[in-house]
Amino acid sequence: MMSDKEAIKQLTAYFQRENIRNVVILTDENVNRLYPDYFSGLQEFCQLDHYVLPAGESSKSIETAVKIWDYLAEKQYDRNVFLLNFGGGMVCDLGGFVASTYKRGIRFANHPTTLLAMIDAAVGGKTGINLQYLKNGVGTFYFSDIQLPVDSSLLKTLPDEELRSGFGELVKYALIGSEELFQKLCKLKSINDLETDSLEFCINFKRNIVEKDPKDNGLRHILNFGHTIGHAIESYCAEAGTPIAHGLAVAQGLYYESLLSAKRGHLPQNEWQQIAEFLPKHFQILTLTEDVLLKLVVFMQNDKKNTGNLINFTFLDHIGHASPNFQIPISEIQNLLLT
Ligand code: GLY
């Protein structure tokens, strides 16, 4: 397991090499309360400043970005200031966006504190803020200047629900990238027993895909496996007044998109059976009645990744291997999922 000391060692060496003197740590109230002195070891080498955000997705807005830009400007930070994002997906996405825009771009790094951010948001250079009705409606591609090793000891204080949400995303990586990891997850007694090498597989897998398709033009869509239906379920639950965590919706998307993969003849039946047994052990799966499916389809049509009546899917060929960019008519999705 990598420790905080390793990240601090690497940051120290980087700051000295790059002659960075001013570091602003961007974090949220929860992380700040739990780990107020996490980076104190850096104080010897640079001036540390903290900007603490209210926790939660509502901070991921243009209003918050303006407040941080104003703060940086009032403190007269020039382009040599370094932004260190210390938190979950909201902090990494918003912080990356601020870093990419303040004075046309400053250097930054992510040090994620949630499982979801460790294996997804903190990797791959997507930054963003939400518009009122559009998640990540505005953003940039902007890559961090140093990739820090994850500190999985931070997960000890993560609420169970958030750990399970990250686990949903982790299962995605197993399904699209490693049969071996999938079999390992099947044997896992508890999510708390996850090993760091499983996280590292996901991080390296994503880095490898992003290296080949940094601007999300094709291959990177593979990372959206489970997300077409997953996002629709997330929106459906939010609209119904019973919001669920992102990764829990993605896990249900993995279930139904694996089912679609099998029904369309991409995924062998026996492999679908393994997935169908595994996912409900860890996640509640919404039953798709005709009414529910109709609502999900509307959300899919409104998704910025889809056009008209064609919905973009990644399908599984095997557990551990997927192919992106199938354009499927809505009527076919409805038929396959209801029969
Ligand atoms: N979360 C999917 C991607 O970064 O492309």
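Order of appearance sets the numbers: ligands from 1, and atoms from 1 within every ligand. Computed from a predicted structure; not experimentally measured.
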Contact region, V210 to ligand 1, non-hydrogen atoms below 4.0 Å, reads neither
Are H318 and H266 an aromatic pair, judged by ring center distance below 6.0 Å? no
Partner of F39 under ring pair (Phe, Tyr, Trp, His ring centres under 6.0 Å), chosen from F15, F86, F45: F86
Distance to 0.1 Å, residue and atom name: give those for the protein heavy atom nearest to atom 3 (C) of ligand 1. K126 NZ, 3.3 Å
Among the heavy atoms of H221, does any lie under 4.0 Å from an atom of ligand 1? no
Ring centres of H282 and F167 under 6.0 Å apart? yes
Please work out which of the three classes, parallel, tilted or perpendicular, describes the rings of F278 and F182, given edges at 30° and 60°. perpendicular
Before signing off on this row, confirm whether K206 and ligand 1 have an N or O atom pair separated by under 3.5 Å. yes
Nitrogen or oxygen of D216 less than 3.5 angstrom from that of ligand 1: no
In the protein, which heavy atom is nearest to atom 5 (O) of ligand 1, and how far is it? R220 NE, 2.7 Å
Would D197 and K184 count as a salt bridge (Lys or Arg N to Asp or Glu O under 4.0 Å) here? Give the steps. CA-CA 11 Å; D197 62 352; K184 198 166 153 185; 3.1 Å; yes
Is the distance between the ring centroids of F225 and F313 less than 6.0 Å? no
Of the protein's non-hydrogen atoms, which lies at the shortest distance from atom 1 (N) of ligand 1, and what is that distance? D120 OD1, 3.0 Å
